[in-house]
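Right, one structure below, let's go through it.
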Amino acid sequence: MALISVILPAYNEEENIHRAAERLSAVLAPERVDWELVFVNDGSRDRTWEKISEIAEENPHITGVRFSRNFGKEAAIMAGLACARGDCCVVMDCDLQHPPETVVEMLHLWQEGYEVVEGIKRSRGTESKLHALFAGTFYRIMSSATKIDMSRASDFKLMDRKAVDAILSLPEKNAFFRALSSWVGFRTTTVEFDVQEREAGTSKWSTRSLTGYAVRNIASFSSAPLQFITGFGGITLLLAMVMGIQTLIRYFSGNAVEGFTTVILLILLIGSMLMLSLGIIGYYLARIYEELKNRPRYLISEIISSRNNSEAGSGLFLDKRSQGG
Ligand code: UDP
Ligand code: MG
């Protein structure tokens, strides 16, 4: 019988673990598939891990993975995918904003032969105007960088084993999961879902972390900001020629003493543009340095699983790939 793995990254979600496990087992049990839930505790500061280990110990369908600290949702997704053994994997939030019923819909599409099923937001849920504006801008940039319409994309997706292995085999540490699942290709389809209200707890995203996330993802999928510098250099070169000719004409016509204001303005303009450009280049450099260090995406401190696989037990687990396994 086919095995479906559901991966649920969890960061400070103590109130949602039980609920998510219950709702998911209720919808998956009647299906003609074997199933497992992989909860990845992303270094929560509350009792999330206690909740996960409780249910993982009594329920053989549930696996708990514990990070040594908070590594972020992308890392948690990657760890979940690496530990999952399913013939297909579903990634969803464990705050139940992604409806469990949609998982069944995705499963049926997979059984029909689709290899990647993308969850598309029918509505964007409740968001403030400012948030919607920033999200809109980010997705426009990302869409043009990835050539995929990302405006309603989410992290809620089902992937066949083939696609999962393809994603796990990518060497980059700074992966943007939402775009990667389309990047790998395969027979893809979409299902629409309504973003639900959060069952309990609060969103983990602050404006600052969202901005950082947006910038990082743009940089990881596009080098457009670098080309922007070149473009700007071209424009300043044109301006320089115009100004140069004007200055020469003035010099030969004998009134070259004026123009001090122009000099100040030019120095200020060029100076700030140079520094901004250096900043952009420096940002890419930092990203390259980060990738070059080749540190694992996450560190696992504990895994609770009834399945007797090589990852079970306790100890320090590195990213599967860096173990060479
Ligand atoms: N999450 C995580 N690590 C983090 C932040 C969030 O694993 O550092 C998980 C979180 O537990 C939830 C999912 O990612 O299951 C989505 O987070 P959240 O609900 O805060 O984001 P939103 O739904 O507001 O976009
Ligand atoms: Mg949420």
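Not measured: the values here are computed from a predicted model. Counting starts at 1 for both ligands and their atoms, in listed order. Nothing fancy with the numbering, it's 1 onward along the sequence. Only this structure's heavy atoms are used, side chains among them; waters, hydrogens and symmetry mates stay out.
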In Asp95, the N/O/S atom nearest the Mg ion (ligand 2) carries the name OD2
Which atoms of ligand 1 are found less than 4.0 Å from any heavy atom of [X]?
X	answer
Glu13	10 (C), 11 (O), 12 (C), 15 (O)
Gln97	19 (O), 22 (P), 23 (O)
Asp42	2 (C), 3 (N), 4 (C), 7 (O), 8 (O)
Cys94	15 (O)

Is [X] salt-bridged to [Y], cutoff N-O under 4.0 Å?
X	Y	result
Arg287	Glu290	yes
Glu118	Lys157	yes
Glu115	Lys162	yes
Asp87	Arg161	no
Asp42	Lys73	no

For [atom], the protein heavy atom that lies nearest, with its residue and separation:
atom	answer
atom 24 (O) of ligand 1	Ser203 OG, 2.6 Å
atom 18 (P) of ligand 1	Arg198 NH2, 3.5 Å
atom 1 (N) of ligand 1	Tyr11 CB, 3.7 Å
atom 19 (O) of ligand 1	Asp95 OD2, 2.5 Å
atom 15 (O) of ligand 1	Pro9 O, 2.8 Å
atom 20 (O) of ligand 1	Lys204 N, 2.6 Å

**Asked** Should Leu24 and Val195 be counted in the same cluster of Ile, Leu, Val, Met, Phe, Trp and Tyr side chains packed under 4.5 Å apart?
**Response** yes
Aromatic rings Phe156 and His98: how do their planes relate, parallel, tilted or perpendicular, breaks at 30° and 60°?
parallel
Going by the angle between their ring planes, with limits at 30° and 60°, are Phe176 and Phe138 parallel, tilted or perpendicular? perpendicular
Only one of Glu54, Arg23, Lys51 passes side chain to side chain donor-acceptor pair (under 3.5 Å) with His18, and that residue is Glu54
(message) Considering both backbone and side-chain atoms of Gly72, is one of its nitrogen or oxygen atoms within less than 3.5 Å of a nitrogen or oxygen in ligand 1?
(response) no
message: Is it the case that ligand 1 has an N or O less than 3.5 angstrom from some N or O of Ala76?
response: no
Short version for Lys73: what comes under 4.0 Å of ligand 1, heavy atoms counted, is both
* Asked: Can you tell me if Thr48 and Glu13 form a side-chain donor-acceptor pair at under 3.5 Å?
  -> no
Of Val40, Asp93, Asn12, the residue with the heavy atom nearest atom 16 (C) of ligand 1 is Asp93
